[in-house]
Amino acid sequence: MSKNYRRFNPILAVRQVETSFNIKNFNIPKIFGEKTLQLDTLKERLPKAVWKDLKKTITDNEPLNINVADSVAVVMKDWAMEHGATHYTHWFQPLTGSTAEKHDSFITPNKGGGAIAEFSGKELIQGEPDASSFPSGGLRPTFEARGYTVWDPTSPAFIAESENGTVLCIPTAFASWTGEALDHKTPLLRSAEALSHSAMRAVKHFNITNAKRVFSTVGCEQEYFLIDQEFYYSRPDLIHSNRTLIGAKPPKGQEMEDHYFGSIPDRVLSFMMEAEYELYRLGVPVKTRHNEVAPGQYEIAPIFESANVAADHQQLTMITLKRVARKYGLVCILHEKPFAGVNGSGKHTNWSMSTDSGVNLLDPGEDPHSNMSFLFFSTAIVKAVHDYQDLLRVSVAAAGNDHRLGANEAPPAIISIFTGEQLADVLTQLQNGGAKSSKKGGLLGLGVNVLPHFPKDAGDRNRTSPFAFTGNKFEFRAVGSSQSVSFPIVVLNTIASAAIDEMTDALEAALAEGVDFESALAKVLKDTLKAASSIIFNGDGYSDDWQKQAKKRGLLNLKTTMESIPYLSSKKNIELFEKYHVLSEREVESRKEIMLEQYFKTINIEAETTEMMIRTMVIPGAVRYLNELVALSERGKSVGLTVDGSLKTAQEVNEALNALVLSLNGLTKQNAELGGDEVHEKAHHMEKNVIPAMNNVRAYADKLEKLVADDYWPLPTYREMLFVR
């Protein structure tokens, strides 16, 4: 008789979790931003002269007056201590893709043997964590440890709370002693300045008044999975790799299409509401929540913000989702493909450009064909994506995203632009000599008297496009769910700057020759679109035909991270980053090195975890079951029973087990070799040899899962993880 060897209990996974969250306190206008040091608070508490200087930096992008730091530090400390803070930290975003912090106390001993709370302008402006302990791609050797965190006054300080303490978090940049960027924020701020400068050159030619700056705005749709922690902690692969390295497809997945936008389970809804509550208190303007396509998958999305603040808030969103989930006995998984056979997760990044006077430069208005500024800037984005499709692809390259891009659930690895019917029609008219009209959406009636006729959009949407125009913004759908959104924004800002400058140069050259503005603009738009129109594709990005058509158009099809990474340091791309002072050649090369290193380490950890799980969990479970089958057969024969069924089952298990062990030996051999001494050699070895070996092991492990008795299988199954809510 079989014994239950399971170390987890599916029944415990549906227990009711008690929390202290009180929905009656959910007053959004009252709580919004209460854990954030708001501009109104600074204005109220700072001396007028200091506030004016600080405001110039925050709103007008002027250099920081160092003399204001001491006054701001006092206000920041007092405000934080009023909220219970005892420590402060420079909160920064190293090239790990997550955040980092080192806590320091406000308390300083005095001569009388007591202590006072102090926080100076110097401590506010600058910190010094160890720069050699973070990924630097060779910028900081181990023996060169000095690095600096530098206060970013354009992103608000905030309070991080736990049950036993409160910390003041000060958003900062992170740079080496030699001044090179070791983080995501520094190039993001540089790219924002570049975009503003280039866009303002163009804006002055259009009827846009009172604009002093242009900045990119961003809203990120974060997809994620939730599973019960009972299952999570029983899966070493989820703990170490954030994805399941083995696991058979369940009888039911997402085929019935019943999860998407379905009724949100009670426990999940409670988690969502508390996560939103915490995010509102941090000033994160979350707007949308819903079930996603795969079972156990969900989404949260905010309203647009300036790109720098949006990037900080995106990190806070991921941190908050993970932290709050634990209170409900859940674990939030942000990996792009945690479960094979069902949809993976992305972080659709909606990007646009606005002036500080409130004009969205990508808003077509009622008549896009006559909206000259919209035509100019939307054409510039088409050009930018065409000219730098390789760089956009690199910006989302990661081992996790390789499982998702190109599958029938996510955008293909081929970068293209979906414009929609209305914009496509206008752009075609421009190429043919001038736009005279715009398609209208009209009213849509549903044939039922009680349902009102309503305005429909002038064009449909396309979920297969990696870069889609969606009304007044572009949606970059290829960004991975676990990735920092900062580098994709850096790339978008920088390539937009280049395209806008080239078009502005051509426009101003024509104007200098005496050509009237409308004629000059028409020619610039026509010439630009003629050169870049091959990037526009409004069809099915999943189709085989598109693969062939894209190749004929000369578009890149970089299916994997290892195919993409070399393009980062191409001469063209280095020249782009250096021209706009976003990244130096050394900084670009360092990021390329880090991407290769992270790819190698990710696959290496996955391979070693796979080997450990197979040797210590799967094989022992299968052997125990096989032993029971063989013992049953022998006992059955001894009493004259026909045991053909148990023998047949034993044979199937034994054959799968033998094949598994053979494939595992192959994986062990490949993972031990590493492929060379240089990081690029190791990374290529992982792609070409280790990943296929892992896939081979998985195939036999998943076959065994369908043969071995349920109570002998040592791991939670997809059926349990995805459907126990």
Side-chain angles (χ1 to χ4, degrees), residues 191 216 218 220 336 344 346-352 362 378-398 400-420 423-424 427 461-470 473-481 483 485 487-499 528-529 531-570 572-573 576-577 595:
S191 71
S216 56
V218 169
C220 301
E336 286 74 19
K347 195 195 310 276
H348 301 171
T349 301
N350 296 279
W351 181 92
S352 189
L362 294 179
S378 59
T379 298
I381 303 308
V382 172
K383 174 178 173 57
V385 176
H386 174 270
D387 294 352
Y388 295 98
Q389 54 181 290
D390 57 341
L391 201 49
L392 272 179
R393 176 63 182 90
V394 176
S395 76
V396 297
N401 223 8
D402 282 355
H403 297 284
R404 171 178 165 265
L405 294 183
N408 285 350
E409 56 167 277
I414 303 166
I415 299 295
S416 65
I417 286 183
F418 169 80
T419 59
L423 183 54
L427 296 180
R461 298 185 68 183
N462 187 331
R463 70 183 299 270
T464 71
S465 174
F467 201 83
F469 182 69
T470 55
K473 56 185 169 49
F474 283 93
E475 182 181 11
F476 191 16
R477 297 174 55 89
V479 183
S481 55
Q483 292 180 295
V485 75
F487 189 54
I489 299 173
V490 166
V491 170
L492 285 169
N493 287 352
T494 309
I495 66 177
S497 300
T528 302
L529 289 168
S533 61
S534 62
I535 202 72
I536 298 174
F537 177 66
N538 291 318
D540 182 1
Y542 296 163
S543 68
D544 293 336
D545 181 64
W546 170 230
Q547 305 278 325
K548 300 172 186 175
Q549 189 182 147
K551 186 176 182 179
K552 290 181 180 178
R553 294 188 185 193
L555 302 183
L556 295 170
N557 187 2
L558 306 175
K559 295 182 178 180
T560 68
T561 291
M562 293 305 297
E563 289 180 61
S564 307
I565 289 177
Y567 287 88
L568 178 61
S569 59
S570 70
K572 169 180 71 84
N573 291 335
L576 170 76
F577 284 128
M595 291 179 75

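As a basis for the values below, the full set of heavy atoms in this structure was taken, side chains included, without hydrogen atoms, waters or symmetry mates.
Here the closest non-hydrogen pair linking S416 and S465 is O-OG, 3.9 Å. For the pair T419 and F469, the tightest heavy-atom approach, listed with the atom from each and the gap, is O-CD2, 3.7 Å. What you find for D540 and W546 is that their closest heavy atoms are O-CB, 3.7 Å. Between I417 and F474 the shortest heavy-atom distance is CG2-CE2, 4.2 Å. Between R393 and T561, the closest heavy-atom pair is NH2-N, 4.2 Å. When all heavy atoms of N350 and K473 are compared, the pair lying nearest together is OD1-NZ, 3.2 Å.
Atoms OG and NE2, on S533 and H386 in that order, are 7.5 Å from each other to the nearest 0.5 Å. Taking OG of S564 as the start and CD1 of I415 as the end, the distance is 8.5 Å to the nearest 0.5 Å. To the nearest 0.5 Å, the span separating CZ on F467 from CZ on R477 amounts to 12.5 Å. Note that the CG atom of L362 and the OG1 atom of T470 stand 10.0 Å from one another [nearest 0.5 Å]. Rounding to the nearest 0.5 Å gives a distance of 10.0 Å between CH2 of W351 and CD1 of I489.
Judged purely by atom type and a 3.5 angstrom limit, K347 has no side-chain atom pairing as donor or acceptor with the backbone of C220. At least one donor-acceptor pair under 3.5 Å links the side chain of N401 to the backbone N or O of A478. At least one donor-acceptor pair closer than 3.5 Å links the side chain of Q389 to the backbone N or O of L556.
Judged purely by distance below 3.5 Å, without hydrogens or angles, the side chains of H403 and E336 never pair a donor atom with an acceptor atom.
The side-chain heavy atoms of S216 and L492, taken from C-beta on, include no pair separated by under 4.5 Å. Residues Y567 and K572 are not in side-chain contact: their nearest non-hydrogen atoms beyond the backbone lie 4.5 Å or more apart. Contact of the L391 side chain with the L568 side chain is registered, since non-hydrogen atoms from C-beta on lie closer than 4.5 Å.
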* Do V396 and L392 pass the side chain to side chain contact (heavy atoms under 4.5 Å, CB included) test, and can you show the C-alpha distance, the side-chain angles, and the key distance before you say yes or no? -> CA-CA 7 Å; V396 297; L392 272 179; over 6 Å; no
* To do: Show your working on side chain to side chain contact (heavy atoms under 4.5 Å, CB included) between V218 and F476 and close with a plain yes or no.
  => CA-CA 10 Å; V218 169; F476 191 16; over 6 Å; no
* Asked: Between I414 and F537, is a side chain to side chain contact (heavy atoms under 4.5 Å, CB included) present by the stated rule, with each step listed?
  -> CA-CA 11 Å; I414 303 166; F537 177 66; over 6 Å; no
* side chain to side chain contact (heavy atoms under 4.5 Å, CB included) assessment of D387 paired with I495 -> CA-CA 8 Å; D387 294 352; I495 66 177; over 6 Å; no
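Applying the 6.0 Å contact sphere to NZ of K551 captures no more than 12 heavy atoms from other residues, nucleotides or ligands. Atom CG of D544 has 12 or fewer neighbouring heavy atoms from other residues, nucleotides or ligands inside a 6.0 Å radius.
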